[in-house]
Each structure stands twice: as C-alpha cells, then as structure tokens.
Student: 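Let me begin by handing over the structure; questions about it come next.
Residue indices begin at 1 and follow the sequence shown.
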Amino acid sequence: MNAYYSTLSGWIIPVTRAMKSLDLDPVKTLEMFDIDPAEVNDPEGRICVESLGDLFTFCNKRVGNRQFNIEVARSFHPSALHALGYAVQSAFSLQEALERVSQYKRVVSNCSNMDTYESGDELIVELVVYRYTDSGRLVLSPDLIESFLATLVQLSRDLVGGDIDPIKIQCTFERSSDDCPVVSEFFNCPIEYGCERNAVVLDLEQAKERAFGNNPAINQLHIEILNKFMSRVDKTNLTYLIESKILEELPMGAPSQADVAKQLGLSLRNLQRKLSEQGTCYKEILDNTRKRLTLSYIKQPHMSISEIGYLVGFSNVANFNRAFRRWEGCAPGEYRHNYLSTNSMVEHIHPRA
C-alpha cells in the first residue's frame, strides 16, 4: 500500500496567483482536482501531491510551453512556507538559507529529500524524489520537479536582491519535444536533461555572501518554532526530538545523554542504537546545536561573549573559547568583529543585461 504523499497547503498561494496571471479560473480549477482553497488558512494544512501534479499537467496544457511551472515560481513568496519561509528570509547568506530548506524539507512535503552541499567552487542543491512502492514511479511529476527547481532559483534571486543566475540546472527527466523559451529565459543558464540528479548548481562564492535580510535574532526564533513543529509531526526523527530537549536545558548546562533518553522514555542503549541507525550520535547533535546557537548569538552585538557561553551550556568562558576555535578557527571576539565590520553584502551581483 502506498504512503500518502502531501505538501504544505501554502503552495496554493503561488499556484492561485499563477492561474490568475495566466487567465485561468483558480476556484474552478482547484475544485476540478479536489483541492480546497480554504486549506491555505491552516498553517499546517496539507494537500495531495498527486492532485497537485495533475493540476500542473492540466494548466500547462492550457497555457503551453510549460509556462505554468515558471509562473508558479515567479509567484512564490517565502511566507508560503510559514515558519520555514521566515527562517529562510532572515538567514545570514543564501547558502545558509538553502541549507535551512534542506534541513527542514519535511515541513514542505514528505515527497522528497533535499541536500545542499559544496563541491569545489559550486554549491549544489539536489532534490532527491521518492518513488511509489508499488510501481516505482516518481512521486513528483516532471512539471512539479521543474517548478520546484525554478522556485529555488526565484528564492535565491529574492534573497540576494539581484538577478543571480545558476551555473546550470540538471534534471533527471528527458527534454520535452516542445520548444520552451519561457523556461530557458527564466533560468538563463544551461539546462541539462536525462541527468542522474535534479539539481540547481550555484556559484559558491556568491552563495556565501551576506544576504540583505539577515537577522540572527529573528532567525533563531523561527528555528525554534521549526524544531518544535518537527518534533511534533515527525516523531520518527530522533534528531529533532533530542535537539528540542537540548535547547530547553542548555542555559542550565548541557544535558547528559542519559537525561535526554529518560525524558524521551527510552533506555540509554536504545537511544544510542536508534541514533546509530540514523547515522549520528548524541555528541554530534549536542555539538551541532551549540554551534548553530552560538553563531546566531555571536551576531547580536548586545550579547556578551560570556553570556553566550552560558546560554549554550558552557560552565566557563575558557571552555567556550576552545569550542569556538574548533568550530570556526578563531576566537569569538574576532569572529564578531569580522562579522560586524564586513561590507560583503551581495551588492556586486548586478542585474542581467
């Protein structure tokens, strides 16, 4: 029996906007595919991905040239992703924003995974689409895959405040026989079909630049909301559950693995086994949580170095300084000075000719 694959109801917003701009009746079209527009009012509402894929097929046939896929991307705003969207908008850089989407991809849908990683001087954003167990067919149609890749590009352009273009786009599906100038013009880069992966390939240096909307305090608030959401809806993923417990306890000192296991109703051995199956361990989760919190706090000038060390569970400043040097290769004060004095915003990214 196949799992029920769904996506966040927030996608109704760009889909509806795209239909309006292309002279399609949103209400009638959504009703044809049993999609209730009122679902958008529920921040945690879900819609069936198969129905959404059928809707995209229908709309593309009506307007031609896969224009609907691109129009949805153009109509996208991060607020459609609720807390994840706000965390993305306040991220330090485009790379961090895309890593957030990858980390919390399950907030968006349970149809695929997303990996963001460096390769040489490139940043790869790869979409790994799941398959139906009975037929082996991909859960996402080529139209949905193309539209999602286009949405990542639109999001990237919005975050950096300029017309950043990918190095290339890679798709696992074959090239359509139809000429699609709208698709080519939107991506403005080579598009490769029949590849082994679906991916947006970006220039790493541009992706690392400080984004215009970065706000570490706001970003931290939304990350906490996301962690609570993930620990509620995805109880199979111990990483989110453990991180939530760590965040609760850190100001009073780093909780032990045994304490967290007890709070989760697990034996220590059972917790260790489950984490091993997920390819991680408690020490790694604790260290990553401390590092992420520290890098958020260090960018907030009103917080002292000693206060930050206390908030992330270190008993003294010396231990905190040693951990920070291990994470970033410099002292916390030096890192803060460099962050506050840098002018490396993305102003060098100019609009396309």
Student: Is it true that Glu96 and Arg292 make a salt bridge, defined as a side-chain N closer than 4.0 Å to a carboxylate O?
Tutor: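 No, no charged N to carboxylate O under 4.0 Å.
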Student: Checking Ser112 side chain against Val129 main chain: does a donor-acceptor pair fall under 3.5 Å?
Tutor: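 Not a single qualifying donor-acceptor pair exists.
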Student: Going by the angle between their ring planes, with limits at 30° and 60°, are Phe148 and Trp11 parallel, tilted or perpendicular?
Tutor: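 Because their plane-to-plane angle is over 60°, the rings of Phe148 and Trp11 count as perpendicular.
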Student: Please identify which of these residues, Glu146, Glu71, Glu185, meets the salt bridge (charged side-chain N to carboxylate O under 4.0 Å, His left out) condition with Arg66.
Tutor: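 Considering Glu146, Glu71, Glu185, a salt bridge (charged side-chain N to carboxylate O under 4.0 Å, His left out) with Arg66 is found only for Glu146.
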Student: Heavy atoms only: give me the nearest Asn110-Ser6 pair and the separation to one decimal.
Tutor: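 Scanning both residues, the minimum pair turns out to be OD1-N, 2.8 Å.
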Student: Look up atom CG in Leu98 and atom OG in Ser102, then write down how far apart they are to the nearest 0.5 Å.
Tutor: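 Going from the CG atom of Leu98 to the OG atom of Ser102 covers 7.0 Å.
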Student: For Phe320, which residues count as a ring pair (Phe, Tyr, Trp, His ring centres under 6.0 Å) partner, sequence neighbours excluded?
Tutor: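 With sequence neighbours excluded, Phe320 shows a ring pair (Phe, Tyr, Trp, His ring centres under 6.0 Å) to Phe314, given in chain and number order.
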Student: Identify the two heavy atoms, one from Pro14 and one from Ser75, that lie closest to each other, and give their separation to 0.1 Å.
Tutor: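 Closest approach of Pro14 to Ser75, heavy atoms only: O-CB, 3.6 Å.
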Student: Okay, side chain of Asn214, backbone of Ser90: is any donor-acceptor separation there less than 3.5 Å?
Tutor: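 No, the answer is negative, given that no donor and acceptor are paired below the 3.5 Å cut-off.
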Student: Enumerate the residue pairs fulfilling ring-ring contact (aromatic ring centres under 6.0 Å, His included) with a member in residues 37-56, sequence neighbours excluded, ordered by first and then second residue.
Tutor: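 Every pair satisfying ring-ring contact (aromatic ring centres under 6.0 Å, His included) with a residue in residues 37-56: Phe56-Phe68.
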Student: Counting only heavy atoms not in Arg62, do more than 12 sit closer than 6.0 Å to its CZ atom?
Tutor: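 No, CZ of Arg62 has 12 or fewer neighbouring heavy atoms, counting only those of other groups under 6.0 Å.
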Student: For Cys195 versus Gln170, what's the shortest heavy-atom pair and its separation?
Tutor: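 Result for this residue pair: SG-CB, 3.9 Å.
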Student: Check the hydrophobic clustering (I, L, V, M, F, W, Y; side-chain heavy atoms under 4.5 Å; chains of links allowed) and say if Leu155 and Val201 are grouped together.
Tutor: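 Leu155 and Val201: separate clusters.
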Student: Any side-chain to backbone donor/acceptor pair from Arg157 onto Ile164? Under 3.5 Å, distance only.
Tutor: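 Yes, because the side chain of Arg157 sits within donor-acceptor range (under 3.5 Å) of the backbone of Ile164.
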Student: With a 4.0 Å cut-off on N to O distance, would you call Glu192 and Arg197 a salt bridge?
Tutor: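 The answer is no: the pair does not qualify as a salt bridge.
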Student: Heavy-atom distance under 4.5 Å between the side chains of Arg74 and Ile70, does that happen here?
Tutor: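 The answer is yes, as the side chains (C-beta and beyond) meet within the 4.5 Å cut-off.
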Student: Can you get from Leu275 to Leu266 by hopping between Ile, Leu, Val, Met, Phe, Trp and Tyr side chains that sit under 4.5 Å apart?
Tutor: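 Per the 4.5 Å side-chain linkage, Leu275 and Leu266 are co-clustered.
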Student: Answer yes or no: are there more than 12 heavy-atom neighbours, outside Glu196 itself, under 6.0 Å from its atom CD?
Tutor: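 Count not over threshold, so no.
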Student: According to ring-ring contact (aromatic ring centres under 6.0 Å, His included), does anything in residues 27-51 pair up with another residue at least two apart or in another chain? List the pairs.
Tutor: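 Listed once each, the pairs are Phe33-Phe58.
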Student: Quick check: closest heavy atoms across Pro251 and Leu247, and the distance to 0.1 Å?
Tutor: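 Smallest heavy-atom distance, with atoms named: CD-O, 3.9 Å.
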Student: Examine distances only and state if a side-chain atom of Thr7 and a backbone atom of Val108 form a donor-acceptor pair shorter than 3.5 Å.
Tutor: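 Yes; judged by distance alone, with no hydrogens or angles, the pair exists.
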Student: Is Tyr5 reachable from Val128 through a run of I, L, V, M, F, W or Y residues, each pair having side-chain heavy atoms under 4.5 Å apart?
Tutor: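 No, separate clusters.
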Student: Are the side chain of Thr29 and the backbone of Pro26 linked by a donor-acceptor contact shorter than 3.5 Å?
Tutor: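 No; judged by distance alone, with no hydrogens or angles, the pair does not exist.
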Student: Starting from Leu55, can I reach Val139 by hopping between I/L/V/M/F/W/Y residues whose side chains sit under 4.5 Å apart?
Tutor: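 Shared cluster, yes.
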Student: Leu268: which other cluster members, linking ILVMFWY side chains closer than 4.5 Å, directly or transitively?
Tutor: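 None; Leu268 is a cluster of one.
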Student: Check the hydrophobic clustering (I, L, V, M, F, W, Y; side-chain heavy atoms under 4.5 Å; chains of links allowed) and say if Leu127 and Ile124 are grouped together.
Tutor: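 As far as the 4.5 Å side-chain criterion goes, Ile124 and Leu127 are not connected within one cluster.
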Student: Would you say the side-chain atoms of Ser296 pair up with the backbone N or O of Pro216, donor to acceptor, closer than 3.5 Å?
Tutor: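 Yes.
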Student: For side-chain hydrogen bond (donor to acceptor under 3.5 Å, both in side chains), just list the numbers for Gln95 and Glu99, CA-CA rounded to whole Å, side-chain angles, deciding distance to a tenth of an Å, and then say yes or no.
Tutor: CA-CA 6 Å; Gln95 180 177 11; Glu99 288 172 347; 3.3 Å; yes
Student: May I ask you to decide if Ile298's main-chain N or O and Arg336's side chain share a donor-acceptor pair within less than 3.5 Å?
Tutor: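 Present.
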Student: Does a side-chain N-to-carboxylate-O contact under 4.0 Å join Glu122 and Lys168?
Tutor: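 No, no charged N to carboxylate O under 4.0 Å.
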Student: Looking at Lys245 and Asp259, does any basic side-chain N land under 4.0 Å from a carboxylate oxygen?
Tutor: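 Looking at Asp259 together with Lys245, the answer is no, because their closest N to O distance does not fall below 4.0 Å.
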Student: Any sub-3.5 Å donor-acceptor pair from Ser147's side-chain atoms to Asp143's backbone N or O?
Tutor: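 The answer is no, because no donor-acceptor pair under 3.5 Å joins these two groups.
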Student: Take a 6.0 Å sphere around CZ of Arg269 and say whether it holds more than 12 heavy atoms from other residues, nucleotides or ligands.
Tutor: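 Not more than 12 within 6.0 Å, no.
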Student: Could you tell me whether Asp25 and Lys20 have a side-chain N and a carboxylate O separated by less than 4.0 Å?
Tutor: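 No, this pair does not count.
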Student: Between the main-chain N or O of Gly53 and the side-chain N or O of Thr57, is there a donor-acceptor pair closer than 3.5 Å?
Tutor: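 Looks like yes, one N/O pair under 3.5 Å.
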Student: Can you name the closest pair of heavy atoms from Ile218 and Asn215 and give their distance?
Tutor: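 Distance-wise, the nearest heavy atoms are N-OD1, 3.1 Å.
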Student: How close do Leu271 and Leu264 get, counting heavy atoms only, and between which atoms?
Tutor: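 For Leu271 and Leu264, the tightest heavy-atom pair comes out as CD1-CD1, 4.5 Å.
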Student: Is it the case that Arg290 places NZ or CZ above or below the six-membered ring of Phe324, under 6.0 angstrom from the centre and within 45 degrees of the axis?
Tutor: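 Arg290 over Phe324 ring: no.
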Student: Using a cut-off of 6.0 Å, state whether more than 12 heavy atoms not belonging to Phe173 lie near its atom CZ.
Tutor: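 For Phe173, atom CZ is crowded (more than 12 foreign heavy atoms under 6.0 Å).
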Student: Any ring-ring contact (aromatic ring centres under 6.0 Å, His included) pairs touching residues 258-308, not counting sequence neighbours?
Tutor: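 Residue pairs with at least one partner in residues 258-308: there are none.
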Student: Could you tell me which residues satisfy side-chain contact (heavy atoms from CB on, under 4.5 Å) with Asn316, sequence neighbours excluded, listed by chain and number?
Tutor: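 Expected list: Ala318, Asn319.
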